[in-house]
Amino acid sequence: MSAYRALADALEGVAATRSKLVKIERLAAALAPLAGEELVAAARLLSGSPFAEWEQTVTSVGWATLARSASAVTGWDMETIGASARAIGDLGEAIALMLPPEEAHGPAPLQILEVDRRLRALAGMRKAAQKQATLEDLLRRASPVEVRYLVKTLSGGLRVGADLATVEEGIAAAFGADREAVARAHRDCGDIGDTAEASRAGRLSEIRFRLFHPIGFMLASPIENPQDIVEELPLFAVEDKFDGIRAHAHKSGSRVTLFSRTLDDVTAQFPEIALALAAPPGQFLLDGEIVAWTGDRVGSFFRLQRRLGRKVPPAELLSEIPVAFIAYDCLASGETPLFERPWRQRRAELERLAQGGGFLLSPVRRASDAAGLEAYFSEARERGNEGLMFKREDSPYQAGKRGRAWRKWKKALATLDVVVTAVEQGNGKRAGMLSDYTFAVRDGDRLVNIGKAYSGLTDEEIRKMGAVFRKITVARYGPVRAVAPEVVLEVAFDTIQKSSRHKSGFALRFPRIVRIREDKTPAEADTVETVEEIWRGIQGMDRAGNGEPNDRRE
DNA sequence: GTATTTCTCAGCC
DNA sequence: TTCGGACGAATTCGG
DNA sequence: CCGAATTCGTCCGAAGGCTGAGAAATAC
């Protein structure tokens, strides 16, 4: 039996560092001692959801229900809870701060499996009152740090800077598994929990892809300007980017299931697509787009929206806004998964399957120069599409991955007047918050658009920035004009102050919370101590935040 | 008791 | 969806 | 060749707008 507290503490540790490697290390340390059901549940909880992706389950507990439950447990009114959550920027943090300081209130510490069970129970309940009662009970059993992560889990996102991909790495590190193997297994079974247990047991290779089990989506990067890609054009195939709903179509004989990007089963919403796909023989998994279809062209997303989320779309709607499935990738055919095959091969298989009908085939073009691409670009625009997509011909299908990103600033560099690089701190090291270039565009005497936000710094630290900039190199890009270092410093400092993202920073939180403390009166007498606790907590945060730019409370 | 409105949650881009 | 910031690994530079 | 400088690949989290479903509250 393992306590949920260990997971909450681990998440606290993950949140406390910005270093990716340290996050992974801490996740691994939390997972390593676990096994079996507990490991399964723990891996899921660490990634922010008690459920496996394929379960398609949600708790349907939202902000309002949580706040009401918290109100009942802490004695604070809803308004105060809301104000605190807004000031801090996180409901879980706010509620945890309002709890009395003592450890778990219940008779025994919360167990991982118990948390799992209760969250599942919440998902099964329909009545709001029942959910709230269950929630109150759970919150009363939990210690503040546990409450923090329970509420975060329920309110949609841990926000500790570690999502599924990072948890995958943690699993790999905990059990000495190969990172790629973990990712593959996760893709194929759709459950980070089972993946963790399989890693521990050395059974990763036993996890196989199954049809009708939702698979993560590979996301591509759209580009606006065809010129950006011209140099590398030969590597890519060009497709239209349709304005619709991304979906995977699983089909075997007459059985068809459509999964949305969040891996929800949306088959019932689009019966005509399911029917069409059922017609041809065979078995396959297609990736494509559900679009509003006007008979010969794609309709707008706005029209399509009215078809969304309908459990059973009425017949009038079906005829008013017909839809179609445009396939642009084939991830499995027959018994064979094709994820690892290059796009070129998958496309060939897709074209073969398209001959059997049942779906529309996304057109593919190849262009070797700017002119060809430009032509296709305007053509696509003509057809009312959103833009173009580029598929690397030799690239496998990597679920959850994003296509190559195009860096805007790379373009910007060509026309920049001044580029500031390599800012050193007083200690001689490269400043921790800098990466790549810190660049600035000169506008008359001023530098504008410094491409960095100096988050995580207190006002005082920002005031010290002038001293931090010890060395400034003017980069070799662009037509550089002579600018005295002092000018750069001064203007840069000025700009940084203006662009600094302080809205969620501690400097702002402090006075807002104080205001709440002054204005609000707790319902019961004994909650006065709670107020003191909030106060002390704030002061503790202040000390922790000082002189530590890498503190998470940025 | 049934019909309508409001609130809350969720899911899509 | 799109966007910017951040980390760490990979690659290139400079002596 | 080596350490420092620079670039690249990835990940995370935030933002805004629209719609339906379902339960609860209210009207009739």
Closest to the side chain of A:W63, out of D:dC12, C:dA6, B:dC9, is B:dC9
Here the distance between atom P of D:dC11 and atom CD of A:E169, to the nearest Å, is 8 Å
Q: Using a cut-off of strictly less than 4.0 Å, decide whether A:S260 has a side-chain nitrogen or oxygen near OP1 or OP2 of B:dG11.
A: no
Here the distance between atom P of D:dT10 and atom CD of A:E168, to the nearest Å, is 13 Å
Under 3.5 Å, N/O pairs linking protein and nucleotides 22-26 of chain D:
unit_1 : atom_1 : unit_2 : atom_2 : d
D:dG22 : OP1    : A:K311 : NZ     : 2.8
D:dA24 : OP1    : A:A128 : N      : 3.2

A:K20 NZ to C:dG5 P, in whole Å, measures 17 Å
Whole-Å distance, A:E25 CD to C:dC7 C1', equals 15 Å
Check: Can you check whether A:R159 has a side-chain N or O nearer than 4.0 Å to OP1 or OP2 of D:dA14?
Finding: yes
message = Below 30° counts as parallel, above 60° as perpendicular, anything between as tilted: where do the rings of A:F242 and A:Y328 land?
response = parallel
Here the pair of heavy atoms bringing A:S47 nearest to A:I192 is OG-CG2, 3.6 Å
In whole angstroms, the gap separating P of B:dG11 from CG of A:L263 amounts to 11 Å
Rounded to whole Å, CZ of A:R179 lies from P of C:dA9 at a distance of 13 Å
*Between the main-chain N or O of A:W76 and the side-chain N or O of A:S71, is there a donor-acceptor pair closer than 3.5 Å?*
yes
Between CZ of A:R306 and C1' of D:dA21 the distance, given in whole Å, is 16 Å
5'-most contact on DNA chain D (nearest-nucleotide basis), A:A162 vs A:V312, goes to A:A162
Does A:R310 make a side-chain N or O approach to OP1 or OP2 of D:dG20 shorter than 4.0 Å? yes
Rounded to the nearest 0.5 angstrom, the NE2-CD1 distance for A:H186 and A:I171 is 7.5 Å
- Looking only at atom types and distance, does a side-chain atom of A:S84 sit under 3.5 Å from a main-chain N or O of A:T80, one as donor and one as acceptor? yes
| task | Have a look at A:G244 and say if it touches a base, only the backbone sugar-phosphate, or nothing, with a 4.0 Å heavy-atom cut-off. | result | sugar-phosphate
When rounded to the nearest 0.5 Å, the distance separating OG1 of A:T294 from CZ of A:R303 is 7.5 Å
- Just by modelled atom types, is the A:W63 backbone N or O under 3.5 Å from a matching donor or acceptor in the A:S155 side chain? no
Could you pull out the protein-nucleic contacts involving nucleotides 3-7 of chain B (nitrogen or oxygen on both sides, under 3.5 Å)?
none

Axial cation check for A:F217 ring with A:R246, 6.0 Å and 45° limits
no
Quick note, A:A64 side chain, CB onward, closest among B:dC9, B:dC13, B:dA10 is B:dC9
side-chain N/O A:S19 vs C:dG8 OP1/OP2, d < 4.0 Å: yes
Result for 5'-nearest mapping on DNA chain D, choosing between A:R307 and A:L164, is A:L164
From CG of A:L91 across to P of B:dC9 the rounded distance in Å is 11 Å
Exercise. So, the side chain of A:E136 versus the backbone of A:S69: is there a donor-acceptor pair under 3.5 Å, distance only?
Worked result: no
Remember a base hit wins even if backbone is also touched, and classify A:V160 as base, sugar-phosphate or nothing at under 4.0 Å, heavy atoms.
sugar-phosphate
task = Output yes when A:R187 and A:E340 qualify as a salt bridge under the 4.0 Å nitrogen-oxygen rule, no when they do not.
result = yes
Against the side chain of A:L21, the closest entry in C:dA9, D:dC18, D:dC12 is C:dA9
